[in-house]
Amino acid sequence: MVDSPQNPAQNPSAPHARAARTRRDVLRFSTAAATGLAAAGTMGAAAAAPVAGTRGGAQPKDGVVRGELSFREDGTFTVVQFNDTQDTHQTDVRTIQLQEAVLDDVRPDFALINGDVFNGGPSTALEAKQAINNVVRPMEDRGIAWALTFGNHDEDSSEKTGLDENDYIDFVRQYRHNVNTAGARGITGTGNQVLTVTSAAGKGDAFALWLLDSGRYAPEEIAGQDFEGYPDWDWLRPDQIQWYLEASQELEKKNKTLVPGLVFQHIALWEHRFMWYASVDSRTEADHARALEKHGITGERNEDECPGPFNSGMFSAMLQRGDVKGLFVGHDHVNTYVGDYYGIKLGYAPGTGFGTYGLGGGEDHRLRGARVFHLDESTEDVLTGTELRFAADYGIDLTAGAQPGEPADFPEGIS
């Protein structure tokens, strides 16, 4: 596992870390207030059931999607993870420049925007679609297979636009190179699915890319108790984890062996924080120093992880199955770290979008970037390495502030 060199920022109480958290708080509470997202007495906004629908044919009932991705003839496969492009229909021009630079440099076989594709800025359905179109055109124009997962901000404009996550799935499935589906039926969230990557020889599933909807925000209360003092983001539900377990077992049965894979979801697990400190309760510099050696952590942590109030149990499920080689998230824009947590890599991709919060001040855009994954089916774990690409690597302007652009044209046949 190799990461691009970075300046260590291991102290979450540093001034720029506090600024990032403050901006996150303002963004979170202003959008929630504006759109009335926290529904009192419910079990969270992620509970909307996916609609039936198909991309060019039958919708896989179990969320297992085959036939879209395959290893190259030499047995390799490359994935790019973008995160938090999170802008309006006037996406910052540097966000697109960064996407294009990474794609032209890496030439991946698959690219993912892992949640918070856009923000609450769009005021019409057209503007919401334009916001999505802006950041998927770099993949679409290059003929690269791509998908998206949902984050906490992707429905922030829904009261104004009349569109929700199901509508957005229907919209992106019009694109020729999109590989999203409506996902597994009857479970929490939208678009939960696993994309299998066929072996170069065409003899079965050699890898799996799990795309999960980690939800939006916690409800205002449960059983008459609010979440004051607790994180109030969302979390994976037991039915999603049960689906993963069953789909994983199905893949093993079909292929007569465990199928290694990567999980992508927007919101971090509690285990991300546990790994950083090699501890559940203690969070000292000495704890982190021990964690660096124990878990081989590289990268920066400039803001506290923002998981939900409950531990979802996903890590325990992955540990039991033994197939997942890593789980990667976004959400916390200025965290870039990755480590090996008891045999499973836990990590972040940095925020890609220039239109949302960063480090603050003159360094606001320093960590705009993407994460790259290298796969080789001839190796035991298939995942051979991961590394970061930053806007600075490509000479992109890092001047503080926003540089909004004009909406891109829709490809022919997209509406």
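Here the structure is a predicted model, which is why all the values come from computation and not from measurement. One-based numbering along the sequence shown.
Look at Arg216 and Asp156 and you find a salt bridge, because one of the NZ, NE, NH1 or NH2 atoms lies within 4.0 Å of a carboxylate O, short of that distance. Taking the charged nitrogens against the carboxylate oxygens, Asp104 and Arg142 do have a contact shorter than 4.0 Å, which makes a salt bridge. A salt bridge does not link Asp205 to Lys254: none of the charged nitrogens lies less than 4.0 Å from a carboxylate oxygen.
Two residues are said to be in side-chain contact when any heavy atoms from C-beta on lie closer than 4.5 Å; Arg273 and Arg283 meet this criterion.
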Before you tell me yes or no, could you show the steps for Trp210 and Leu327 under side-chain contact (heavy atoms from CB on, under 4.5 Å), namely the whole-Å CA-CA distance, both residues' side-chain angles and the distance that decides it to 0.1 Å? CA-CA 9 Å; Trp210 300 86; Leu327 183 148; over 6 Å; no
Please report the C-alpha distance between Asn192 and Tyr244 in whole Å, then the side-chain angles of each, then the deciding distance to 0.1 Å, and finally whether the side-chain hydrogen bond (donor to acceptor under 3.5 Å, both in side chains) criterion is met. CA-CA 9 Å; Asn192 297 286; Tyr244 153 70; over 6 Å; no
Do Asp287 and Ser279 pass the side-chain hydrogen bond (donor to acceptor under 3.5 Å, both in side chains) test, and can you show the C-alpha distance, the side-chain angles, and the key distance before you say yes or no? CA-CA 7 Å; Asp287 293 325; Ser279 174; 4.9 Å; no
Apply side-chain hydrogen bond (donor to acceptor under 3.5 Å, both in side chains) to residues Asp105 and Tyr394 and explain how you reach the verdict. CA-CA 9 Å; Asp105 178 20; Tyr394 303 102; 2.7 Å; yes
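The two atoms that bring His153 and Asp116 nearest to each other are N-OD1, 2.8 Å, heavy atoms only. The two residues Pro122 and Ser157 have their closest heavy-atom pair at O-CB, 3.3 Å. Nearest heavy atom pair, residue Gly343 against residue Asp340, reads N-OD1, 2.8 Å. Leu163 and Asp167 make their closest contact through CA-OD2, 3.3 Å (heavy atoms, listed as atom of the first residue, atom of the second, distance). Nearest heavy-atom pair, Gly308 versus Trp270, reported as atom, atom and distance to 0.1 Å: O-NE1, 2.9 Å. Of all non-hydrogen atoms in Thr336 and Pro350, the two that sit nearest each other are CG2-CB, 3.8 Å.
With 3.5 Å as the limit, one finds a donor-acceptor pair spanning the side chains of Asp323 and Ser248. Between the side chains of Asn134 and Gln90, no donor-acceptor pair is found at a separation under 3.5 Å. No hydrogens or angles considered: a donor-acceptor pair under 3.5 Å links the side chains of Glu303 and Tyr357. No side-chain donor-acceptor contact under 3.5 Å links Lys294 and Tyr341.
By the 30° and 60° cut-offs, the orientation of the rings of Trp235 relative to Phe227 is tilted. Ring orientation note: the planes of Phe354 and His365 are tilted relative to one another, at an angle of 30° to 60°.
No donor-acceptor distance shorter than 3.5 angstrom exists from the side chain of Gln130 to the backbone of Pro407, with no hydrogens or angles considered. Judged by distance alone, the side chain of Arg301 and the main-chain N or O of Trp276 form no donor-acceptor pair under 3.5 Å. Counting only distance, with no hydrogens or angles, the side chain of Arg366 and the backbone of Leu398 share no donor-acceptor pair below 3.5 Å. Remark: side-chain polar atoms of Ser312 are not paired, donor with acceptor, to backbone N or O of Leu236 under 3.5 angstrom. Judged by distance alone, with hydrogens and angles left aside, the side-chain atoms of Asn180 form no donor-acceptor pair with the main-chain N or O of Arg173 at under 3.5 Å. Between the Arg368 side chain and the Gly353 main chain, a donor and an acceptor come within less than 3.5 Å of each other. Here the side chain of Thr352 pairs no donor or acceptor atom with the backbone of Asp84 at under 3.5 angstrom. Listed for the Asp213 side chain is no donor-acceptor partner under 3.5 Å among the backbone atoms of Thr149.
The structure places CE of Met314 at 11.0 Å from OG of Ser214, a figure rounded to the nearest 0.5 Å.
In this structure, the ring of Phe274 has its center no less than 6.0 angstrom from the ring center of Phe315. Aromatic rings from Phe373 and Phe207 are positioned such that their centres are separated by 6.0 Å or more. Aromatic ring centres of Phe118 and Tyr168: separated by under 6.0 Å.
Within a 6.0 Å radius of CZ in Arg72, other residues, nucleotides and ligands contribute more than 12 heavy atoms.
Taking the side chain to side chain contact (heavy atoms under 4.5 Å, CB included) definition, one finds that Gln97 meets it with Val93, Arg94, Ile396, sequence neighbours left out.
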